[in-house]
Number of protein chains: 2
Amino acid sequence: MPTIKFYVREGLLPPGRLTSPNQAAYEETHVRRLRLIRALIEVGGLSVASVGEVIAAVDDPERPVHDLLGEAAERMVPRYGGGEEAGDGLVEARERVGELLTARGWRGYPGSAAGEALAVALAALGSVGHERFAEVLPAYAEAAELVARADLEYVGRHVAREELVESVAIGTVLGDALFAALRRLAQIDASSRLYGGPEEEAGDGDRCGEAEPGEREE
Amino acid sequence: MPTIKFYVREGLLPPGRLTSPNQAAYEETHVRRLRLIRALIEVGGLSVASVGEVIAAVDDPERPVHDLLGEAAERMVPRYGGGEEAGDGLVEARERVGELLTARGWRGYPGSAAGEALAVALAALGSVGHERFAEVLPAYAEAAELVARADLEYVGRHVAREELVESVAIGTVLGDALFAALRRLAQIDASSRLYGGPEEEAGDGDRCGEAEPGEREE
DNA sequence: GCTATCTGATAGTCCCACTATCTATGATGG
DNA sequence: CCATCATAGATAGTGGGACTATCAGATAGC
């Protein structure tokens, strides 16, 4: 409950309608909004400040439907402090990003947050000796297109106009987490298949015992 | 430089070989290790503590090649405090994860960190009114397989045995960032294509001006 | 009327990633 | 040889982020 007050203070959550100077009424939308906030923070790993930006975008009625998805997606590139010692392979990486965009026929400018994030990731890979990793970019891009198509299709099928921005925010952030987890699982499977034991690896979760969640206090 | 000392203290970086009580020699491996650390922290968004675990895994010579990939991948699920008020849709989500695993024929137990992460993400999506998002899981899973295959292929082609764990660590963490960026770009393209203007959107990065990196101090 | 509860505001706590200071030792160079 | 200076190692401090606790003041309900 004190956390809620905190979010209100931070502007993430609108204050409840005051029925009297000391009594506020919270409605359905508040609960919904709070769940959104928690999901973005806990699952998406966003900072409170980032959530604020997302919320602002969600609440802005001015957004044209066009580039709204892109814009919203744009706003939530989480990390990257900037890195002043850029030089490294960043310039090259940016070029590579540009090449990829044209090769794929993707609209979008390499200077966008997403493009820059890609360049940073590529540069980081290069700096640890994995410049060849760029070779798998086509496969990654293919997969990304697959996912993006699925996202769009889902949005078109199930999402009302007025919920568009919120859904994009959710899909972008939680989708990342979702896909990351799936990638992990697919990797586990693939590696077990390639290097692994004869056949059996799967089971009902014998080791580690992930079943008990109680591990943190609040 | 003080940061390096800090990492040494935290056990992320081995101390340099002392040539005399006040002079230490750092070699190639140190630089390499430092770059790995920075990449994991800055691009991968891992905490120092998580990096420590990854490093420990990388340095452990006991790991059998089998399940090493999976194990390493397992170790770096970043987020999720645990959440004691689990109940929600988590139980259902776990079931859904199990179904997905069997449907896909993926080896791996739903109770693994990755499986749990997936369940958490699904539950979060459900809690904000997007339970239908599960419908796109097959597409996501397909994409994840694509990516995982590309990863494995890359590893098989370019990575020596003794660098395996490190490469998996890098690939897992930086690959997430890479793919997230690509997904953003693909989404921007797809949405621009669907809702967007007539044809032109791409360009050479006119707005925002991402070119100047200098924004933080160190 | 009395108390328990809620609002809003202010201040404090805890954790994390660093960063600064301090001391002893030894390098460097005139 | 001796003064200056840099460095290793240890200890303590800083700053930011996300909460959390405390404190009036104002009812709501008994």
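As the structure is a computational prediction, the values presented were derived from the model and not from experiment. Every chain is numbered from 1, with letters handed out A, B, ... down the list of sequences.
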Item to complete: Of all the heavy-atom pairs spanning B:Ala93 and B:Ala123, show the shortest one and how long it is.
Response: CB-N, 4.0 Å
Worksheet entry | Over all atoms of both residues, closest heavy-atom pair of A:His30 and A:Leu13 | O-CD1, 4.0 Å
Item to complete: May I ask you to evaluate whether A:Tyr26 reaches the phosphate of C:dC6, defined as a side-chain N or O under 4.0 Å from OP1 or OP2?
Response: no
Practice prompt. Please determine if A:Asp176 and A:Arg183 form a salt bridge, counting it only when a charged side-chain N lies under 4.0 Å from a carboxylate O.
Written response: no
Worksheet item: Which is it for A:Tyr7 and A:Arg33 under the side-chain contact (heavy atoms from CB on, under 4.5 Å) test, yes or no, and what are the steps along the way?
Response: CA-CA 11 Å; A:Tyr7 290 155; A:Arg33 175 56 56 89; over 6 Å; no
Worksheet item: Are B:Ile41 and B:Val48 close enough that some pair of their side-chain heavy atoms sits under 4.5 Å apart?
Response: yes
Worksheet item: Quick one: does A:Ile55's side chain get under 4.5 Å of A:Leu36's, heavy atoms only?
Response: yes
Fill in: Working for side-chain contact (heavy atoms from CB on, under 4.5 Å), residues A:Val54 and A:Thr172
CA-CA 11 Å; A:Val54 173; A:Thr172 302; over 6 Å; no
Discussion item. Taking side chain to side chain donor-acceptor pair (under 3.5 Å) as the definition, give me every residue that meets it alongside B:Arg96, ordered by chain and number, with sequence neighbours left out.
Written reply: none
Table of protein N/O atoms under 3.5 Å from nucleotides 16-19 of chain D N/O atoms:
residue	atom	partner	partner atom	Å
D:dA18	OP1	A:Val48	N	3.1
D:dC19	OP2	A:Tyr7	OH	3.2

Discussion item. Treating primed atoms plus P, OP1 and OP2 as sugar-phosphate and everything else as base, which nucleotides of nucleotides 21-30 of chain C get B, S or - for protein heavy atoms under 4.0 Å?
Written reply: ----BBS---
Worksheet item: CD of B:Glu10 versus C1' of D:dT11: gap in Å, rounded?
Response: 14 Å
